[in-house]
Undergrad: 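Can you keep this structure in mind? I'll have questions shortly.
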Amino acid sequence: MKKLEGLIAAAHTPFNADGSVNYGLVKKQAALLLKEKVTGVYVSGTTGEGISCSVAERKRLYDAWVEAAKGKLFLIAHTGALGLPDTQELGAYAQACGMDAVSVVPANFFKPGSVETLIDYLNATQEGCRKLPLYYYHTSMSGINFDMETFLKKADGKIKNLAGIKFNYPDLYMYARCLKACGGKYDITWGIDEWFAGAVALGAKSAIGSTYNYSAGIYYKIWDAVKKGDLKTVEKNMKRVCDIVDILVQYGGVAGGKVMCKMWGVDLGDVRVPNKTISAEGKKDILARIKKIGVK
């Protein structure tokens, strides 16, 4: 399987004022990401409020991204859901409609109780999409905290389409071990934006993040500076990253990120409950602060 390279944006799902999905805006999102030299899109994940959307909505969203990307972006369909049948349906549809890969965050109410059970669960989710590479979504938000090097070694050869891990876990030591696990055959793509420079220094070749929707240029500067050993430039631009994340922490990552996209002329609407909608004053504050940070 081809390993991922570059920045992959965890895309927001656009909503209309009435709360319905605004599929028509996806073309505008794709055009912006292509302009910013993003290499792929992670669809219907955490940033995309996938768990807050219905199966039907998520399937239409896959269609919209396939149409908008026209083969120019690597599309990863997040198919994780609380119910196994929903995850299986989404995976089968992702393969049928032309997505390039699938990703699964495990069910987190009835959680897998062991690495072996997690492997069995992931195999079950892949019934209809084994032709696509699978990226296991490892995130502290799921409450499933198994050691991922152990997972890779035990899953090796048992999950036939396992390509790697979307690594959204605050442990660079574990990340480094995963990069080397099983002879380095697996694709471990980094997923915490504010730790980006550390992951690149350890050998990351790709990263999936929400802030790449509106600030990809900053990360490419960091990436280039790490390669050149230009620590001053790394420090300067990581401060900008952390300033952006400070805003997201204050207002809510998904909701705040949607507001930041307005700076590029893309109004993605508000978020669905239980995420909290930002007030008009808050939106004004966000746009003023992101303009001051400078991401264009």
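This chain uses plain numbering: 1 for the first residue, then up along the sequence.
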Undergrad: Taking Thr233's backbone N and O only, do any of them form a donor-acceptor pair with Asp230's side chain (distance below 3.5 Å, no angle check)?
TA: yes
Undergrad: On a heavy-atom basis, which atom in Cys129 and which in Thr125 lie closest, and how many Å separate them?
TA: SG-O, 4.1 Å
Undergrad: Apply the hydrophobic cluster definition, ILVMFWY joined by side-chain contacts under 4.5 Å directly or through others, and give me every member besides Phe15.
TA: Val21, Tyr23, Val26, Leu33, Leu34, Val38, Val41, Val43, Val55, Leu61, Tyr62, Trp65, Val66, Leu73, Leu75, Leu90, Tyr93, Met99
Undergrad: Each residue besides Ile208 in its hydrophobic cluster should be listed here, by chain and number; the cluster joins Ile, Leu, Val, Met, Phe, Trp and Tyr at side-chain heavy-atom distances under 4.5 Å.
TA: Leu4, Ile8, Tyr42, Phe74, Ile76, Val105, Tyr135, Tyr137
Undergrad: Which is it for Asp86 and Thr79 under the side chain to side chain contact (heavy atoms under 4.5 Å, CB included) test, yes or no, and what are the steps along the way?
TA: CA-CA 8 Å; Asp86 289 347; Thr79 62; over 6 Å; no
Undergrad: When rounded to the nearest 0.5 angstrom, what distance separates CD in Glu5 from OG in Ser206?
TA: 8.5 Å
Undergrad: Output, in order, the C-alpha distance, side-chain angles, deciding distance and verdict of salt bridge (charged side-chain N to carboxylate O under 4.0 Å, His left out) for Lys258 and Glu49.
TA: CA-CA 11 Å; Lys258 280 190 163 182; Glu49 302 174 78; 3.1 Å; yes
Undergrad: Taking it one step at a time, do Ser210 and Asp193 satisfy side chain to side chain contact (heavy atoms under 4.5 Å, CB included)?
TA: CA-CA 8 Å; Ser210 63; Asp193 300 0; 3.9 Å; yes
Undergrad: Side chain to side chain contact (heavy atoms under 4.5 Å, CB included), that's the test. Do Arg177 and Met148 meet it? Break it down for me.
TA: CA-CA 8 Å; Arg177 289 187 286 116; Met148 285 294 98; over 6 Å; no
Undergrad: Donor-acceptor pair, distance only, cut-off 3.5 Å: does the side chain of Asp156 make one with the backbone of Leu152?
TA: no
Undergrad: Mind checking whether Trp195 and Tyr175 have ring centres under 6.0 Å apart?
TA: no
Undergrad: Going by atom types alone, do Arg272 and Ser52 pair a side-chain donor with an acceptor below 3.5 Å?
TA: no
Undergrad: Is it true that Lys166 and Asn168 share a donor-acceptor pair across their side chains at a distance under 3.5 Å?
TA: yes
Undergrad: Given side chain to side chain contact (heavy atoms under 4.5 Å, CB included), test Val271 with Lys276 step by step and report yes or no.
TA: CA-CA 7 Å; Val271 290; Lys276 185 178 179 181; 5.8 Å; no
Undergrad: Taking the side chain as everything from C-beta on, heavy atoms only, tell me whether Val102 gets closer than 4.5 Å to Gln95.
TA: no
Undergrad: State whether the number of non-hydrogen atoms from other residues, nucleotides or ligands found under 6.0 Å of Glu116 atom CD is greater than 12.
TA: yes
Undergrad: Does the side chain of Asn108 come under 3.5 Å of the side chain of Ser142 through a donor N or O and an acceptor N or O?
TA: no
Undergrad: Quick one: does any side-chain atom of Asn123 pair with a main-chain N or O of Lys158 as donor and acceptor, under 3.5 Å?
TA: yes
Undergrad: Where does the angle between the aromatic ring planes of Tyr212 and Phe196 fall among parallel (under 30°), tilted (30 to 60°) and perpendicular (over 60°)?
TA: perpendicular
Undergrad: Between Ser114 and Thr117, do the side chains contain an N or O donor and an N or O acceptor separated by less than 3.5 Å?
TA: yes
Undergrad: Can you label the angle between the Tyr220 ring and the Trp223 ring as parallel, tilted or perpendicular, going by 30° and 60°?
TA: parallel
